[in-house]
Amino acid sequence: MEGCRSSTEYNRALLLEAKRIEKSYGGVRALRQVSFALEAGEVHALVGENGAGKSTLIRILTGAVEPDGGAVLLDGQPIRDNSPHRSRELGIAPIYQQPAIFPDLTVAENIALANETGGLFRRVRWGDRVKRAAELLESIGAEIDPRRLAGSLSMPEQQLVEIAKALGGKVRVLILDEPTASLTERETGRLFEVVRRLRDNGSGVIYISHRLEELPRIADRITVLRDGETIATVSAADTDSRELIRLMAGRDLSAVFPKREVPIGEPVLRVRGLTSEAVGIRDITFEVRAGEILGFAGLVGAGRTQVAEAVFGLAKIDAGKIRLNESRVSIKSPGDAIEAGIAYVPEDRRRHGVAAELPIRANMTLSILDRVSNGPMLDEDGERIVAESWAQDLRVKAAGLDAPAGSLSGGNQQKVAIARALATGPKVLIVDEPTQGIDVGAKAECHRILCDMAARGVAILMISSEMAEILGMSDRIAVMRGGTIAGIVNRADATAESLLAMALGGSAQ
Ligand SMILES: Nc1ncnc2c1ncn2[C@@H]1O[C@H](COP(=O)(O)OP(=O)(O)OP(=O)(O)O)[C@@H](O)[C@H]1O
Ligand SMILES: [Mg+2]
């Protein structure tokens with residue numbers, strides 16, 4: 001009889017277990033008495049607000065961080081001398097929130113380095129390495145040439161390489177810390193197929209995500225962390241987003257902020273025929289009006305981030321014109337863009353986002369130093385007041401605003417980067433995946449802030465891989481395909497299907 005039931009229903013063996021884990025950083029108790037059990041053949045989701053302790057728990061499971069107390073067990077046996085190397089040997093394959101690739105090596109070399117023993121420079125057959133990398137990438141549906149330099153990949157492409165890396169070796173436990181944060185529907189679907197395949201073959205998968213609506217598609221059980229404590233473990237089939245949010249936040253909370261319709265004014269940013277060979281975009285033409293949110297949709301690699309980079313002076317422009325209000329502007333550097341009133345929140349907020357060693361408050365006000373300074377002197381009180389108000393609005397969870405930004409959880413670092421761009425009071429705001437990695441409460445808050453800015457006449461260009469965000473927040477939507485704009489549609493005329501068809505090159509226009 002039992003053979004008739006799917007392996008995900010019951011009778012699963014305990015695979016990896018965390019028992020009564022304790023971890024403090026200075027005065028911050030990141031985890032208190034946290035227990036977590038992963039069974040073979042299940043996808044176990046781990047959810048919680050930004051700073052709840054998810055990534056810390058993962059780092060302890062993989063031996064990257066040592067707990068102050070408690071134990072990690074594999075097959076019922078404590079893992080002795082746990083370390084990233086040791087746990088990888090045991091078949092625990094983590095994919096961290098921030099890709100950890102070597103930018104100066106090729107994709108194939110990065111994948112090989114993670115999986116070959118004997119070092120990168122032992123005698124190898126390069127052709128075999130490239131072939132193996134190509135197979136792994138293809139198995140997850142990633143269209144990436146293994147010979148490319150890893151540093152040239154976009155953030156989501158790097159994420160896909162991370163996944164290929166993890167799948168290259170023995171995988172008993174796959175750990176995904178927000179893998180879909182910057183992936184579009186299509187890549188997410190492919191990733192889920194890989195995850196299901198592993199599960200059906202008896203591996204266990206730990207899955208961290210802030211996209212609660214995707215959990216029913218992928219998770220068997222869900223464990224909720226709040227303020228470093230385990231709150232509940234529930235069956236995914238018996239719960240819904242609302243209940244999860246209540247468990248995560250400890251109270252009822254709205255997950256969505258409805259878009260506010262505001263009067264749309266004159267065009268503020270006009271881009272004509274923008275072409276940049278360096279980043280592979282051509283003939284980009286669009287305008288964004290005061291009060292308008294122009295969404296940018298498209299598949300990973302379609303060139304959305306590159307348009308933002310070109311407009312912000314981060315990519316060399318070969319042809320095309322940019323006008324702000326009525327005047328033509330020449331943007332050759334981010335300095336020129338800021339001068340012209342453009343602010344940019346990049347997607348890869350680790351590389352361009354926060355200065356890890358500077359205090360949180362300094363990070364938030366870096367872009368408005370002139371306003372929090374008194375002549376050459378920094379007005380610390382002024383800085384603190386500005387930073388505190390942003391920290392409150394975006395619900396930044398921190399030990400204090402003097403703490404270094406690097407000590408914040410992933411999602412809280414994102415909030416700091418957002419605050420910094422918003423603080424400049426720009427005419428044009430470019431946001432790339434504004435709510436990626438941010439918990440549901442802060443996401444609604446972030447949407448509210450974008451609407452407030454639109455209401456004040458800011459022209460907003462919003463790149464997002466999340467269809468609900470694109471359809472919910474945009475006034476018009478530009479769909480990119482292969483480095484150019486395939487079409488621009490009004491929100492009223494757009495559906496998820498029609499946008500995807502345009503992104504793929506289908507007929508729906
Ligand atoms: N290296 C560190 N130094 C100081 N504090 C830290 C460090 N790493 C984590 N913390 C603190 O531990 C707590 C838990 O952080 P963690 O990164 O585990 O959160 P998370 O649940 O992964 O959040 P997110 O959803 O934002 O990624 C936070 O308060 C964070 O500031
Ligand atoms: Mg995290």
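Just follow the structure's listing: the first ligand is 1, and inside any ligand the first atom is 1.
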query: So, are Arg32 and Asp227 salt-bridged, with charged N and O less than 4.0 Å apart?
result: no
* Asked: Salt bridge between Lys443 and Glu466, side-chain N to carboxylate O under 4.0 Å?
  -> yes
Does an N or O anywhere in Ser55 fall below 3.5 Å from an N or O of ligand 1? yes
I'd like to know: is the Mg ion (ligand 2) within the 2.8 Å range of an N/O/S atom from Thr56, strictly under that distance? no
If we number the atoms of ligand 1 from 1 as shown, the ones under 4.0 Å from a heavy atom of His210 are 25 (O)
Parallel, tilted or perpendicular: rings of Phe36 and His44 (30°, 60°): tilted
If we number the atoms of ligand 1 from 1 as shown, the ones under 4.0 Å from a heavy atom of Ala30 are 12 (O), 13 (C)
For ligand 1, is there an N or O atom under 3.5 Å from any N or O atom of Gly437? no
### Message
Quick test of your reading of the model: are Lys54 and Asp177 salt-bridged, counting only N-O distances below 4.0 Å?
### Response
no
* Is there side-chain contact between Glu433 and Ser464, with heavy atoms separated by less than 4.5 Å? -> yes
Min over Ser407, Ala399, Ala52 of heavy-atom distance to atom 6 (C) of ligand 1 lands on Ser407
query = Is the number of heavy atoms from other residues, nucleotides or ligands within 6.0 Å of NZ (Lys259) greater than 12?
reply = yes
So the atoms of ligand 1 within less than 4.0 Å of a heavy atom of Gly411 turn out to be 24 (P), 26 (O), 27 (O)
Open item on the list: So, 4.0 Å and heavy atoms of Gly53: is ligand 1 close enough to count as a contact?
Closed with: yes
